[in-house]
Amino acid sequence: MLDADFFRRWMTATAASVDREAERLTALDSPIGDADHGSNLQRGFTAVAAALDKEAPGTPGGVLILAGRQLISTVGGASGPLYGTLLRRTGKALGDAGEVSAEQLAEALRAGVDAVMTLGGAAPGDATMIDALVPAVDALGDSFTAARTAAEEGAVATTPLQARKGRASYVGERSIGHQDPGATSAALLIAALAEAAGE
Amino acid sequence: MLDADFFRRWMTATAASVDREAERLTALDSPIGDADHGSNLQRGFTAVAAALDKEAPGTPGGVLILAGRQLISTVGGASGPLYGTLLRRTGKALGDAGEVSAEQLAEALRAGVDAVMTLGGAAPGDATMIDALVPAVDALGDSFTAARTAAEEGAVATTPLQARKGRASYVGERSIGHQDPGATSAALLIAALAEAAGE
Amino acid sequence: MLINVPETVVADALRGLAAAHPELTVDVENRVIVRRDAPVAGQVGLVSGGGSGHEPLHGGFVGPGMLSAACPGEVFTSPVPDQMLRAAAAVDSGAGVLFIVKNYTGDVLNFDMAAEMAEDEGIQVAKVLVNDDVAVTDSLYTAGRRGTGATLFVEKIAGAAAAEGMPLERVEAVARQVNENSRSFGIALSACSTPAKGSPTFDLPPGELELGIGIHGEPGRERRSMMTSGEIAEAAVEAVVEDLQPRNPVLVLVNGMGATPLLELYGFNAEVHRVLEQRGVPVARVLVGNYVTSLDMAGASLTLCQVDEELLRLYDAPVKTPGLRWGV
Amino acid sequence: MLINVPETVVADALRGLAAAHPELTVDVENRVIVRRDAPVAGQVGLVSGGGSGHEPLHGGFVGPGMLSAACPGEVFTSPVPDQMLRAAAAVDSGAGVLFIVKNYTGDVLNFDMAAEMAEDEGIQVAKVLVNDDVAVTDSLYTAGRRGTGATLFVEKIAGAAAAEGMPLERVEAVARQVNENSRSFGIALSACSTPAKGSPTFDLPPGELELGIGIHGEPGRERRSMMTSGEIAEAAVEAVVEDLQPRNPVLVLVNGMGATPLLELYGFNAEVHRVLEQRGVPVARVLVGNYVTSLDMAGASLTLCQVDEELLRLYDAPVKTPGLRWGV
Ligand SMILES: Nc1ncnc2c1ncn2[C@@H]1O[C@H](COP(=O)(O)OP(=O)(O)O)[C@@H](O)[C@H]1O
Ligand SMILES: Nc1ncnc2c1ncn2[C@@H]1O[C@H](COP(=O)(O)OP(=O)(O)O)[C@@H](O)[C@H]1O
Ligand SMILES: [Mg+2]
Ligand SMILES: [Mg+2]
Ligand SMILES: [Mg+2]
Ligand SMILES: [Mg+2]
């Protein structure tokens, strides 16, 4: 079973990996976007880590709702509301339970990803974070490691696609050949989940 | 004896050589000035050549006065009034004569150079056009070729000097090591004189 | 760059704005710029905002006759809902608040969230989306047309409508009318450098240019080898006029992206006018300058806004902001 | 560059200025920009001019409350006497004309020639030389201190004096007083490219800056490795304040050289104010923007102008020009 501590570890592992990869995320956002994805998420997850330190919610749902709110209040851009909604909705779906199973997390995460798709209007294949999140959720039934691999493959698979949502869509066909920054950061989020699980 | 035609040839030869060397003059004006000396003189001597074509003054003095007026009316910058005054005053000193001797020209040119020194306040050694003009006038008693050589040596000799007049003075000691653009164009003017004399 | 560290660029600019403009209330910590006399009784409040780096848009357009408040985000990053909520609360006199939102996923999502939160607090909110950029043609398969230069016209004209005491629905309708009658097209001669990245956001060798750029340092739709100012004007006017098909006189905005000298911008304006005249498009008013910028990008954009008599009257109405001022 | 060919850059810009500003009479062929209602009966005419590439200076400062006419030369090249003569004739109402001349050999010589010619035609001419740049310290061995940012203050305040109907000697005295009480210092983060040369006028690698630059693309007095905005503000304020030793409140101009984003300029303004406060220099008014530019140079200059009550009143007086406008 996964407790609040596990979810805190997930968030701090995400914060650490976003810190490490911030330059790469921004660089990916340069040729097809506005060169801010790395600093956006860095700002957001630094705030998340600080808030969790300070408030230390006692339930998995509480951790993710707090994290999502922090992202919404500190990131801005497209990724702030989208990642914020992802974590908030996932957290809400987890309810008040003090511990949750991997299956419950998978189900809740699917609700979160659905909310992101509703909010942003992106479908798989549009070359967005969705392309990493959906396969990850699908694979989560097997293992965290499988989810990580699926997310990473999903991110890489955005490279030949033409972006149809977000800023990258503005460059039209010129987005082809570039890996989507949001899909890349989504893979980091899922990798951090595996890391929190010790996998 | 030198007639109006000789002075026209002097001016058109100057125009041609300024055209050829415009980029170099502008490049010299870049590190210590405002990168316009070549285009300034090109504009001016093109106008001089056109005016001489149209009006064809019949005396040496008339040619230089017209040329000087054209420079004043079309060049602007420091070099416009200075070169304009040089030619106008030289022309005035030549008076109404239909032909003048090389000695008369040397004397008139000295009056012209003096007028430039009065107008601009520069003395020899200040790293300006004066550093090419004064030795040229001094050598003109010998031959046109001697004047040309003296002007060229005078121009080269500005390189180690610190500019004390004009824009180049603003960069202070950093003007040391750069040949003065105006001294360089003055050497072209004197070289064109030798060319007009067939030397 | 003339900065301290990338992290404090926006806060530093807000402190400097406060020092220069005592007629604005600048909340540096919460990143909200409000005209000092807000809320103005009986007047609709106008709130806009977006990523920083487009100055004077939006903070420079706060003041009588234009915006009531602006929310600057990080560079090229839309602000967060908390900012818009705070701004709405500061400017609502009870007559309601209009959010003017440039059409970018981030701006739309954050303003949407703010609108929900504001309505929860009893503030009546209307929203208008600015989407004038004709370079984004195929909006079915994109995030929709971007909001660029027309934002200035929407903010100016809706600001005048609010200053006249029009009710929220009217101000919103006017703003929407301005947007629907505006189209823009931008070109870049160089990329810009964001403080965070420190180097150009994309590679544009001298001698080449990008057609159909936005205002966030993103490359355009197409790369070409260098064109003359006249050829660029032809391309821009064609793109805008073909899409807008104006029948009435137009407001013309010849906008610099940041690093293009005014000398060149005025020269470009001459070419734009030449082409408009050839096409028989009557010009009502002209604005030339750096208004909706993209940091230190070299280039320009053209915006045309077709106006009827009411819109023209509102455009001409007095405005007193750091970035745009006339009649007062 | 956004140009047709280097040869027509100035003429193209003048055509574009004419298209944008019907309130100005723009003589494209003879290169003179005159306010449409000139000569204004009973008022001294104010004429300035200089090389192009500094826009909005000077052409953008023509209008009620500021210049009567401006003469644009080629890029960074002072105009020719014929232009000033024509301008003087156009604006002289019989009350005489003041030439406002930035201190550069070329400007001085050409305006001097024009003044002689104008007086030959019976126009009373006075001249004021602007020489505010403290970077040029050793003026015994140079062409003297350059004229830079203070030109804006001289033109604005003398313009207000003329608009009040003051006689030529008074307007001249006011202009001289403004100049004597003004000092400037500039820094560059990049060189500029002139249309004729097409590439940067000097080499300035990223990560280095030039202190003590002028406005003609010339390098400065000293090269340094990159400093923070705060450190640059300290250097600029120190240079200006040590030379000016102000006792009265000052007008502050935080001026962009052309390619520095407003975002950075406002951040720089914050630092300037911090340092002024530390030094106990009281600030009367602040102006932040690209006013006295050097094409696409990145960088900024600081100008302080110490004012008494009369100068401040004249500074605050209405002005209506393309580049500076308030009170009307
Ligand atoms: N409508 C959308 N639905 C899902 N994801 C989106 C959408 N729009 C953008 N994204 C994701 O957001 C990423 C960009 O985030 P970021 O750079 O932080 O924001 P912005 O685009 O506002 O600068 C994209 O790479 C993409 O994965
Ligand atoms: N006071 C002066 N006396 C003599 N020559 C001068 C003086 N000032 C400048 N010059 C000459 O003019 C040249 C520069 O001319 P130019 O570049 O055309 O004008 P500007 O300096 O106005 O841009 C200098 O290289 C120098 O030789
Ligand atoms: Mg981005
Ligand atoms: Mg020069
Ligand atoms: Mg962004
Ligand atoms: Mg010059």
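Just so it is clear, the structure is predicted and the values come from calculations on it, not from any experiment. Each chain gets a letter, A, B and so on, in the order its sequence line appears, and its residues count up from 1. Values below: all heavy atoms of this structure, side chains included; hydrogens, waters and symmetry mates excluded.
Between C/Ala13 and D/Tyr266 the shortest heavy-atom distance is O-CB, 3.5 Å. Between D/Gly327 and C/Arg325, the shortest heavy-atom contact is N-NH2, 3.7 Å. Shown here for D/Ala270 and C/Gly16, the closest heavy-atom pair between the two residues is CB-N, 3.4 Å.
At a 4.5 Å heavy-atom cutoff, D/Met297 makes no contact with chain C through either its backbone or its side chain. In this structure, chain C has no heavy atom under 4.5 Å from any part of D/Ala298. Heavy atoms closer than 4.5 Å to chain C are found nowhere in D/Thr293, neither backbone nor side chain. Proximity to chain C (any heavy atom under 4.5 Å) is shown, for D/Val252, by neither the backbone nor the side chain. With a threshold of 4.5 angstrom between heavy atoms, C/Val254 does not approach chain D through any atom at all. For D/Leu14, no part sits under 4.5 Å from any heavy atom of chain C, backbone or side chain. Interface remark: D/Leu295 contributes backbone and side-chain atoms alike to the contact with chain C (heavy atom separation under 4.5 Å). For a residue to count as touching a neighbouring chain, one of its non-hydrogen atoms must lie under 4.5 Å from one of that chain's; by this rule D/His54 does not touch chain C. Only the side chain of D/Val288 comes within less than 4.5 Å of a heavy atom of chain C; its backbone N, CA, C and O stay farther away. Contacts between C/Leu209 and chain D at a heavy-atom distance below 4.5 Å are absent for every atom of the residue. D/Pro56 touches chain C through backbone and side chain together, each having a heavy atom under 4.5 Å away.
The structure places CD of C/Glu271 at 5.0 Å from CZ of D/Arg15, a figure rounded to the nearest 0.5 Å. The distance from the CD atom of D/Glu55 to the CG atom of C/Leu263 is 4.5 Å, given to the nearest 0.5 Å. Note that the CG atom of C/Asn269 and the CG atom of D/Leu17 stand 9.0 Å from one another [nearest 0.5 Å].
Note on D/Val9, D/Ile3, D/Asp296: by heavy-atom pairs under 4.5 Å with chain C, the leading option is D/Ile3. For the set C/His273, C/Met227, C/Met226, the entry with the most heavy-atom pairs within less than 4.5 Å of chain D is C/His273.
Summarising the local packing, CD of C/Glu29 is surrounded by 12 or fewer heavy atoms from other residues, nucleotides or ligands at distances under 6.0 Å.
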_Criterion side chain to side chain contact (heavy atoms under 4.5 Å, CB included) on C/Glu231 and D/Asn4, from CA distance to verdict_ = CA-CA 9 Å; C/Glu231 289 163 350; D/Asn4 288 315; over 6 Å; no
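Judged by distance alone, the side chain of C/Glu264 and the main-chain N or O of D/Leu2 form a donor-acceptor pair under 3.5 Å. For D/Asp12 (side chain) and C/Gly267 (main-chain N/O), no donor-acceptor pair under 3.5 Å exists by modelled atom type.
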